[in-house]
Undergrad: 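Supplied in structure tokens, the structure appears directly below.
Values below: all heavy atoms of this structure, side chains included; hydrogens, waters and symmetry mates excluded. The sequence lines fix the lettering, A, B, ..., with proteins before strands; numbering per chain opens at 1. Nothing here was measured: the structure is a model prediction, and the numbers come from that model.
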Amino acid sequence: MFKIATWNVNSLRIRLPQVLAWLQSTAIDVLALQETKLQDQDFPSAAFQEIGYHAVFAGQKTYNGVAILSRSPLNHVISELPGMGDPQKRLLCASHHDIRIVNVYIPNGANLESDKFLYKMKWLSELESFLKVQLQASPRLILLGDFNIAPTPEDVHDPQQWEGKVLFSPAERAAFQDLLATGLCDTFRLFPRDEKQYSWWDYRIAAFRRNLGMRIDHILASHPLCAQCHHCHIDREPRTWERPSDHTPVVAEFDIS
DNA sequence: ATGGTAGTTCAACTA
């Protein structure tokens with residue numbers, strides 16, 4: 001059994017006790033983190049090592065920052081998205097045995113009229129190119145992270161209100177489908193689902209209490225791995241804790257010998 | 001239609 005998860009922690013400095021507690025209450029093999037907001041010299045490697053996790057990370061001051069925690073050593077690390085020439089630390093790719101793990105913090109995009117949205121679409125386009133190369137070399141691949149895209153109306157609490165807005169625009173949804181078309185499937189949608197299951201709720205407007213959320217954190221797996229995926233769930237519990245991240249973890253399990 | 005909160009850093013930006 002192989003259990004992998006993604007969690008946008010919105011500052012690992014603040015959330016470290018929660019991440020440690022959550023890891024110790026689950027049986028996670030690999031955890032992809034986004035928005036660590038830590039420079040590499042400040043990354044709490046020792047704290048994770050004490051509970052049995054190796055860590056690789058790519059951080060910067062104040063914004064962004066990604067990390068992968070793993071019970072087994074990780075290798076062949078890439079922390080730059082080719083084609084971007086980008087100081088923003090939003091991608092971290094590493095191998096866990098023969099599984100290629102691609103952890104992403106896809107840009108938010110602000111709004112459809114902004115330069116940030118152009119940057120988001122460019123980033124998605126470069127990610128698609130990068131994935132094709134990675135899949136060629138590594139047929140067993142998992143792409144996971146904070147995508148900042150709700151792929152379908154079922155992933156949005158009020159799809160009419162959100163139609164055409166950032167996180168749920170036709171262009172972003174099309175880009176998400178382009179990612180799937182490289183040879184991936186959305187593990188969450190491999191199984192029957194209750195409605196209104198989300199991974200992110202705005203801190204404002206008491207969104208969590210009212211379940212006004214969106215499913216924007218995803219675990220996509222290449223087809224050979226999808227055949228071995230037997231479970232995916234959103235763990236709402238950390239979102240109920242004191243001083244939570246605005247995102248909650250998503251977990252997928254694979255039957256891998 | 002606007003803004004509501006949270007984190008980083010310390011006025012303003014990102015989300």
Undergrad: Would you please indicate yes or no on a ring centroid separation below 6.0 angstrom for Trp162(A) and Phe168(A)?
TA: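 Centroid distance Phe168(A)-Trp162(A): not below 6.0 Å, so no.
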Undergrad: With side chains defined as the heavy atoms from C-beta onward, is the minimum distance between Gln60(A) and Leu38(A) less than 4.5 Å?
TA: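 Gln60(A) vs Leu38(A): side chains apart.
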Undergrad: Can you confirm whether or not the ring centre of His218(A) sits under 6.0 Å from the ring centre of Phe176(A)?
TA: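 Yes, they do, as the ring centres are separated by less than 6.0 Å.
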Undergrad: Taking for each residue the nucleotide of DNA chain B with the nearest heavy atom, is it Asn8(A) or Thr36(A) whose nucleotide lies nearer the 5' end?
TA: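 In this pair, the answer is Thr36(A).
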Undergrad: Reckon Arg239(A) touches a base, only the sugar-phosphate, or nothing at all at heavy-atom distances under 4.0 Å?
TA: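 Touches nothing.
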Undergrad: I'd like to check the ring-ring contact (aromatic ring centres under 6.0 Å, His included) partners of Phe2(A); sequence neighbours left out, ordered by chain and number.
TA: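 Partners of Phe2(A) by the ring-ring contact (aromatic ring centres under 6.0 Å, His included) criterion, ordered by chain and then number, come out as His96(A).
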Undergrad: Considering only atom C1', compute the distance from dG7(B) to dA11(B) and round it to an integer number of Å.
TA: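 To the nearest whole Å, 14 Å.
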Undergrad: Can you tell me, in whole Å, how much space there is between the P of dT14(B) and that of dT9(B)?
TA: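 Rounded to whole Å, the distance is 14 Å.
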Undergrad: Between Lys37(A) and His247(A), which residue's closest nucleotide on DNA chain B lies nearer the 5′ terminus?
TA: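 Result: Lys37(A).
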Undergrad: Measuring only the P atom in each nucleotide, how far is dT8(B) from dG3(B)? A whole number of Å is fine.
TA: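 It comes out at 24 Å once rounded to the nearest Å.
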Undergrad: Could you tell me how the ring of Tyr198(A) sits relative to the ring of His157(A): parallel (under 30°), tilted (30 to 60°) or perpendicular (over 60°)?
TA: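 Ring orientation of Tyr198(A) relative to His157(A): perpendicular.
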Undergrad: If I pick the C1' atom on dG4(B) and the same atom on dA15(B), what distance separates them, to the nearest angstrom?
TA: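 After rounding to an integer number of Å, I get 14 Å for this pair.
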Undergrad: Can you give me the first and the last nucleotide of DNA chain B (5' to 3') that has an atom within less than 4.0 angstrom of a non-hydrogen atom in chain A?
TA: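 Here the contact window of chain A covers dG4(B) to dA15(B).
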Undergrad: Rounded to the nearest 0.5 Å, what's the gap from CG on Leu141(A) to SG on Cys93(A)? Could you check?
TA: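 Going from the CG atom of Leu141(A) to the SG atom of Cys93(A) covers 7.0 Å.
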Undergrad: Heavy atoms under 4.0 Å, any strand shown: does Tyr105(A) hit a base, just sugar-phosphate, or nothing?
TA: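 Sugar-phosphate, backbone atoms only, no base.
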